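Heads up, the thing below is written out as structure tokens.
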Amino acid sequence: MSAYFDAASTEPLHPAARAELLAALDGAWADPARLYGAARAARMQLDRARARVAGVLGVRPDEVAFTSSGTQAVHLAVLGGAAARRRAGRHLVVSAVEHSSVLHAAELHERDGGEVTAVGVDVHGRVDPAAFAAALRPDTALACLQSANHEVGTVQPVAEVAEACRAAGVPLLVDAAQSAGRADVPAGWSFLAASAHKWGGPPGVGVLVVRKGVRWRSPLPKDERGGRRVPGFENVPGAVAAAAALEAHRAEAADDGPRLAALVDRIRTEVPRLVPDVQVVGDPVRRLPHLVTFSCLYVAGEALLAELDRLGFAVSSGSSCTADTLRPSHVLEAMGVITHGNVRVSLPRGTGAADVERFLEVLPDAVARLRRSAGVTAP
Amino acid sequence: MRFRGRTRREPEPAAAPVPPQPGGPPPVLVIDALGRKCPIPIIMLAERIREVPVGQIVAVLADDPAAHTDVPAWCRMKSQEFVWEETLARGGWGFHIRRMY
């Protein structure tokens, strides 16, 4: 019996998405750019999917484009947003704890002669809106802030930062990958990026929203597809399934969100009580409801993940040895908290209380065993 | 920008010139954790800090980049005093910690 506690990496496919995906594979396979009946049907399905996504996100359908991933949506927003404001300047502002897709796009911009300011965070991983505002300059082309952090669940002050950006005349990209489908994003942004598989949609579908009147120029070769924003043949079945999952997930979040939040609260309270030398990280109040991250002193994250996997729990970690790299998570580094022994628990929809109780039952012994085998005797 | 990609190993920060004078009193114990990956340097520090008298300094030498975050974070968590860090000429750092209890 195994429990999947890694919703922040990807949420299992929602049954509503599966049903609509299968139907669309049969009924919406034709080229939506053509003029015959099957093509018009595909076009209608695509337009309808766009309208459904727009409805949940509270934007206009013609502001929504489907991409091949959340990462591609971010890349297009960062590079296209910066390219469109080249005359204003070549300066980008990002938070230090953005997803790697934002930071890698910013690195590329920097290699191309642009300049990037990374705004730091407090020990909870939260951006100070005043510090973010202070980083905006007359030559700032674009600012980027996540709605919530993917590793520690801290919700960022998007409304305050959006207001500062508006006052400075700088477009804001909100990377809403971790919160879209769970909570509404505060208004005032210019670009939004999200990823369907995080809300129970299929893999291979991202969402890029460009608000009306916001200047954007494709950083890629010209293409007529995807509303001239996203090149390539549209993934109509994927878009249909993504829209179905978003509606279903958002509707269910009203009931399931508070239930998951209570389970997360229980983990937040119990883990430090049951396991010595543990630090729960991330903002204690302004946080995602389904995600909790903690670090166990003197334990290698990789060993703890393997042990928990053996015990039937799929969790993730920001500790260095768990990634294909020797560096610890840039998020934990920026927060200045322990980077080893890190565990991220993120509950998918419908997680049972019994699974959480079993996790709390096995975790203390798992940590104690690993500490003993590492020769830890320190109190 | 200070972000370092997680998908590739970047060169270690260039060995900065060693400060001309130490930032604190000399350590009474030096723990050599060079070449050891976290959490081992932290385990060595936690195990051996008891060997120095309260109020005295222990130094940990480490070159795992994670130690750069983890040693100060451990000090905050365990209410030990992080006094200063030096950059070692051969790469890595020397972290100086005062035992508080």
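Convention: sequence-line order gives letters A, B, ...; per-chain numbering from 1. This structure is a prediction, so every number in the text was calculated from the model and none was measured.
Taking each heavy atom of A:Ile338 and B:Met77 in turn, the nearest pair found is CG1-SD, 3.9 Å. Taking all atoms of both residues into account, the shortest heavy-atom contact from B:Pro39 to A:Ala300 is CG-N, 3.7 Å.
The side-chain heavy atoms of A:Arg371 and B:Ile43, taken from C-beta on, include no pair separated by under 4.5 Å. Annotation: side chain of B:Arg50 is in contact with side chain of A:Thr377 (closest heavy-atom distance under 4.5 Å).
Within a 6.0 Å radius of CZ in A:Arg369, other residues, nucleotides and ligands contribute more than 12 heavy atoms. Crowding of B:Arg36 atom CZ: a count of heavy atoms from other residues, nucleotides or ligands under 6.0 Å not exceeding 12.
At least one donor-acceptor pair closer than 3.5 Å links the side chain of B:Asp70 to the backbone N or O of A:Thr339.
How far CG of A:Leu297 is from NZ of B:Lys78: 6.5 Å, rounded to the nearest 0.5 Å. For the atom pair CG of B:Leu45 and OH of A:Tyr298, the computed distance is 7.5 Å after rounding to the nearest 0.5 Å. Rounding to the nearest 0.5 angstrom, the gap separating the OG1 atom in B:Thr69 from the NE2 atom in A:His330 is 12.5 Å. With rounding to the nearest 0.5 Å, the separation of NE2 in A:His340 from CH2 in B:Trp74 is 10.5 Å. A distance of 9.0 Å separates NE2 of B:His68 from CD of A:Glu333, quoted to the nearest 0.5 Å.
Only the backbone of A:Leu332 comes within contact range of chain B, judged by heavy atoms closer than 4.5 Å. With a threshold of 4.5 angstrom between heavy atoms, A:Val278 approaches chain B through N, CA, C or O but not through any side-chain atom. Of the two parts of A:Val337, only the backbone, made up of N, CA, C and O, holds a non-hydrogen atom closer than 4.5 Å to a non-hydrogen atom of chain B. With a 4.5 angstrom heavy-atom cutoff, B:Arg76 touches chain A only via side-chain atoms.
Among the candidates B:Val71, B:Ile42, B:Ile49, the residue making the largest number of heavy-atom pairs closer than 4.5 Å to chain A is B:Ile42.
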